[in-house]
Amino acid sequence: MNRAQPAVDSPDAAPKPFDVASVRRDFPILAQTLKSGRPIVYLDSAASAQKPQCVLDKQNECLTKYYANAYRGVYEFGARVDDELEESRATIARFIGAKSPEEVIFTSGATMSINLVAQAWGRKSLEPGDEVLLTLMEHHANIVPWQLICRERLATVRFIPLTSDGQLNLDRLDEVLTDRTRLVSLTAMSNVLGTINPIAEITERAKRRGALVMVDAAQSVPHGRVNVQDPAIDFLAFSGHKVYGPTGIGALYGRRALLDSMDPFLGGGHMIDEVFLDHSTWAEIPAKFEAGTIPIVEAIGLGEAIRYVAALGTDAIRDHEHQLVSAAFDRLSAIPGLQILGPAPDKRGGIVAFTVQGVHPHDMASLLDERGVAVRAGHHCTMPLHDWLNEPATTRASFGCYSTLDEVDALADAIRFARKTFRLAP
Ligand SMILES: Cc1ncc(COP(=O)(O)O)c(C=O)c1O
């Protein structure tokens with residue numbers, strides 16, 4: 001990689017001053033110009049983040065220097081692939097504070113990680129009448145898997161309500177966190193409102209009721225410090241492609257005792273100890289949950305992405321994005337008819353979703369694109385949240401470590417251009 005490599009013993013093993021111009025040079029795609037000749041203003045990192053050169057190089061290194069299938073070859077390339085994969089797993093484990101690498105399962109992403117827990121833990125542990133507690137701001141990836149397993153197990157899905165500014169309403173937590181709650185699964189950061197949720201308080205209250213806690217860290221891992229020991233949570237899910245890593249790969253953290261007690265989710269090669277005609281026995285974790293050939297190159301690339309983020313410093317990334325969100329609030333709230341959804345900047349990460357009276361969110365996104373500003377419009381896989389907001393769709397700008405204050409200005413200018421196109425009063 002092209003920065004000094006910390007040992008990733010902690011998220012910020014080697015914090016240094018944050019220099020966004022230098023960070024941008026790590027991302028070759030950001031130097032591209034669009035067909036219009038404009039520079040790309042990429043404000044869609046919450047959907048998928050761009051990749052630094054070191055991740056591209058790492059994947060290329062694997063493909064050109066030692067590629068082979070994993071966990072099968074006794075020859076030199078196979079052994080090297082295994083070493084690189086285990087180094088990647090260990091890097092992720094240290095980054096999130098897992099006690100051992102075996103507690104980190106490679107999955108295809110946050111969606112698969114949550115489905116794995118819903119199916120493998122839920123099928124064995126949920127009894128009729130049990131409850132799984134989610135929040136109203138969850139991504140569909142943290143709603144639908146629970147609906148599926150709860151329907152099968154005759155359990156119920158419940159939701160923590162929100163305050164009017166889009167935070168979890170903890171005053172009403174005891175109405176929904178009951179003695180029947182077996183698991184609380186919630187996002188650490190909303191992919192629409194940007195809200196950073198109080199995982200520590202919820203974990204403490206859930207544990208007092210005897211419930212497990214699963215954190216959907218798909219949005220929070222790229223934007224700040226994550227430690228599965230503080231507070232001590234049970235499961236954590238995230239996706240590689242949102243944390244500057246490859247697509248098709250992600251991770252599930254699970255506390256060892258829980259993973260050991262769960263049956264496999266998928267069956268196939270590599271996850272077995274022995275196979276007979278009438279039954280099989282399982283490998284130890286993590287192999288028990290990694291049936292078949294995992295995306296080898298991507299899993300190795302993910303380790304490099306995590307090293308890159310750790311070298312930048314998770315606190316430095318968080319502070320940089322906080323500056324951008326504050327600037328976005330200043331610039332955007334001066335625009336007539338524009339409403340930002342969710343809480344104040346100090347309660348959120350690098351996401352700003354908004355509506356503009358008189359311009360449909362999809363028209364807004366298309367007009368912003370004319371100015372080279374890439375944002376997303378729609379329900380962002382949060383239909384229940386949008387029902388609660390009473391908005392069918394919103395426009396969302398989301399920042400990454402490479403986003404700049406100039407890009408916030410470009411966003412504000414482009415929104416003014418969109419309003420003008422619709423002949424709205426200045
Ligand atoms: C909060 C949250 N959870 C889960 C997901 C699902 O991630 P993936 O599609 O990478 O599995 C997303 C994706 O946008 C998300 O924002």
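We count ligands from 1, going down the list as the structure has it; atoms in each ligand are counted the same way. Count residues from 1 along the sequence.
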Just heavy atoms, cut-off under 4.0 Å: does [X] contact ligand 1 by side chain, backbone, both, or neither?
X    : result
T187 : side chain
M112 : neither
H380 : neither

Name the closest protein heavy atom to [atom], giving the residue it belongs to and the distance to 0.1 Å.
atom                    : value
atom 16 (O) of ligand 1 : Q219 NE2, 2.7 Å
atom 13 (C) of ligand 1 : K242 NZ, 2.7 Å
atom 15 (C) of ligand 1 : H139 CD2, 3.3 Å
atom 2 (C) of ligand 1  : D216 OD2, 3.4 Å
atom 11 (O) of ligand 1 : T111 OG1, 2.6 Å

Open item on the list: Checking S326 against Q323: is there a side-chain donor and acceptor pair closer than 3.5 Å?
Closed with: no
TODO: Check whether the side chains of Q119 and N115 place a donor and an acceptor atom closer than 3.5 Å, and report yes or no.
DONE: no
Open item on the list: Looking at ligand 1, would E138 count as a contact under a 4.0 Å heavy-atom criterion?
Closed with: no
TODO: Determine, using heavy atoms of N142 and all atoms of ligand 1, whether some pair is separated by less than 4.0 Å.
DONE: no
TODO: Dump the intermediate steps for side-chain contact (heavy atoms from CB on, under 4.5 Å) on T247 and E298, then the final yes or no.
DONE: CA-CA 7 Å; T247 51; E298 289 74 13; 5.5 Å; no
Open item on the list: If the cut-off is 4.0 Å to any non-hydrogen atom of S239, which atoms of ligand 1 fall inside it?
Closed with: 7 (O), 8 (P), 10 (O), 11 (O)
Open item on the list: With heavy-atom distances below 4.0 Å as the criterion, list the atoms of ligand 1 near N191.
Closed with: 16 (O)
Task: Main-chain N/O of P246 paired to K51 side chain as donor or acceptor, under 3.5 Å - done: no
- [ ] Please confirm whether the backbone N or O of G166 pairs with a side-chain atom of T195, one donor and one acceptor, at under 3.5 Å?
- [x] yes
Open item on the list: Using 30° and 60° as the class boundaries, would you call the ring planes of H140 and H379 parallel, tilted or perpendicular?
Closed with: tilted
Open item on the list: For E61, is there an ion pair with R80 - N to carboxylate O distance below 4.0 angstrom?
Closed with: yes
Open item on the list: Quick check on side chain to side chain contact (heavy atoms under 4.5 Å, CB included): which of T395, I340, V408 does V352 satisfy it with?
Closed with: I340
